[in-house]
Amino acid sequence: MSAVSRPDDAIHRHAFVVSEEVIDRNGHVNNVVYVQWMQDVAVRHSDATGGTQAARDAGGTWVVRTHRIEYLRPALAGDQIEAQTWVSDFRRAASLRKYRFVRQPGGELLARGETDWVFIGLEDGRPRAIPNEVAARFPLRPPGEE
């Protein structure tokens with residue numbers, strides 16, 4: 001569907017500072033906040049590439065089938081984080097998106113994850129084949145370069 005491109009072209013990056021509101025009683029970012037961050041950076045990436053509009057124009061949208069997250073280090077209030085995301089593959093009606101959350105400066109990997117997204121029709125909510133014009137908005141990051 002979408003041609004594989006240079007790895008750097010495929011990664012969408014979003015920098016932010018961790019706020020006090022997302023800190024749990026253990027003194028670090030609550031685990032469920034990462035799920036929100038994953039969704040937020042995926043939407044930002046889709047908006048930035050025109051993928052959100054292309055999906056709407058095709059009469060579809062994306063929904064989550066599964067999230068997987070591996071927590072490696074705690075994130076703390078005031079940390080500068082770079083969220084990184086890219087599309088790893090397209091299948092008939094599904095797409096795997098991967099994520100990394102990295103503390104800056106220094107590049108310490110805090111968490112990594114992936115989401116299996118399913119493309120559905122807006123009218124019936126049923127899975128649909130991903131249109132080429134939607135997939136073309138997201139260069140794939142080649143396996144092994146993650």
Side-chain angles (χ1 to χ4, degrees), residues 1-2 4-128 130 134-135 137-146:
M1 288 186 167
S2 178
V4 174
S5 66
R6 292 182 319 141
D8 289 344
D9 292 342
I11 298 175
H12 178 80
R13 301 167 192 276
H14 174 69
F16 61 96
V17 176
V18 175
S19 69
E20 287 285 342
E21 293 79 36
V22 299
I23 303 301
D24 64 17
R25 66 177 78 164
N26 293 321
H28 56 72
V29 172
N30 188 286
N31 294 350
V32 299
V33 171
Y34 282 91
V35 174
Q36 184 67 58
W37 288 350
M38 289 165 69
Q39 180 170 310
D40 291 348
V41 73
V43 170
R44 285 178 183 275
H45 183 207
S46 187
D47 289 349
T49 64
T52 303
Q53 188 61 51
R56 274 193 221 122
D57 291 348
T61 191
W62 295 96
V63 295
V64 171
R65 177 178 289 153
T66 59
H67 286 299
R68 287 173 288 289
I69 306 170
E70 182 180 12
Y71 304 99
L72 303 168
R73 300 274 185 264
L76 310 171
D79 279 352
Q80 295 177 39
I81 306 291
E82 181 180 80
Q84 304 169 354
T85 189
W86 62 94
V87 176
S88 181
D89 71 26
F90 287 108
R91 298 173 311 279
R92 185 184 177 310
S95 177
L96 184 65
R97 175 181 284 280
K98 297 195 176 185
Y99 311 84
R100 285 190 298 234
F101 295 92
V102 179
R103 186 177 359 253
Q104 298 296 340
E108 183 180 22
L109 182 61
L110 303 176
R112 60 182 158 225
E114 57 187 38
T115 300
D116 207 26
W117 291 89
V118 177
F119 192 77
I120 64 167
L122 288 170
E123 288 186 15
D124 60 9
R126 297 179 52 90
R128 294 181 37 193
I130 301 165
V134 173
R137 299 296 182 153
F138 303 98
L140 298 178
R141 182 159 173 120
E145 295 186 23
E146 301 169 354

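Worth saying up front: this structure is predicted, and the values here are computed from it rather than measured.
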Take W117 and V87 through the side chain to side chain contact (heavy atoms under 4.5 Å, CB included) test and state the conclusion after the steps.
CA-CA 10 Å; W117 291 89; V87 176; over 6 Å; no
What distance separates [X] [atom1] from [Y] [atom2], expressed to the nearest 0.5 Å?
X: T52; Y: D57; atom1: OG1; atom2: CG; result: 10.5 Å
X: R137; Y: D47; atom1: CZ; atom2: CG; result: 12.0 Å
X: W86; Y: R97; atom1: CH2; atom2: CZ; result: 10.5 Å
X: F101; Y: F16; atom1: CZ; atom2: CZ; result: 6.0 Å
X: H67; Y: Y99; atom1: NE2; atom2: OH; result: 6.5 Å

Output all residues satisfying ring pair (Phe, Tyr, Trp, His ring centres under 6.0 Å) with W62, sequence neighbours left out; order by chain, then residue number.
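Partners of W62 under the ring pair (Phe, Tyr, Trp, His ring centres under 6.0 Å) test: F119.
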T85 side chain to H12 main-chain N or O, any donor-acceptor pair under 3.5 Å?
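A pair under 3.5 Å: no.
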Check whether D116 reaches the backbone of T66 with its side chain - one donor and one acceptor, N or O, closer than 3.5 Å.
no
Closest approach of [X] and [Y], non-hydrogen atoms and distance?
X: L110; Y: P74; answer: CD2-O, 3.9 Å
X: R65; Y: A94; answer: NH1-CB, 4.3 Å
X: P127; Y: A93; answer: CB-CB, 4.2 Å
X: V134; Y: F138; answer: O-CD1, 3.4 Å
X: K98; Y: S88; answer: CE-OG, 3.9 Å
X: I23; Y: V29; answer: CD1-N, 3.8 Å

Which pairs would a plain distance check flag for residues 75-83, meaning a side-chain donor or acceptor within less than 3.5 Å of a matching protein atom at least two apart in sequence or in another chain?
from	atom 1	to	atom 2	distance (Å)
D79	OD2	L76	N	2.8
D79	OD2	R103	NH1	2.4
E82	OE1	R13	NH1	3.2
E82	OE1	Q84	NE2	2.6

Name every donor-acceptor pair, under 3.5 Å, that has one atom in a side chain of residues 30-42 and the other anywhere in the protein, sequence neighbours excluded.
from	atom 1	to	atom 2	distance (Å)
N30	OD1	V32	N	3.0
Q36	NE2	D40	OD1	2.7

Is R73 atom CZ crowded by more than 12 heavy atoms from other residues, nucleotides or ligands, each under 6.0 Å away?
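No.
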Check the pair L72 / E108 against side chain to side chain contact (heavy atoms under 4.5 Å, CB included), numbers first and verdict last.
CA-CA 10 Å; L72 303 168; E108 183 180 22; over 6 Å; no
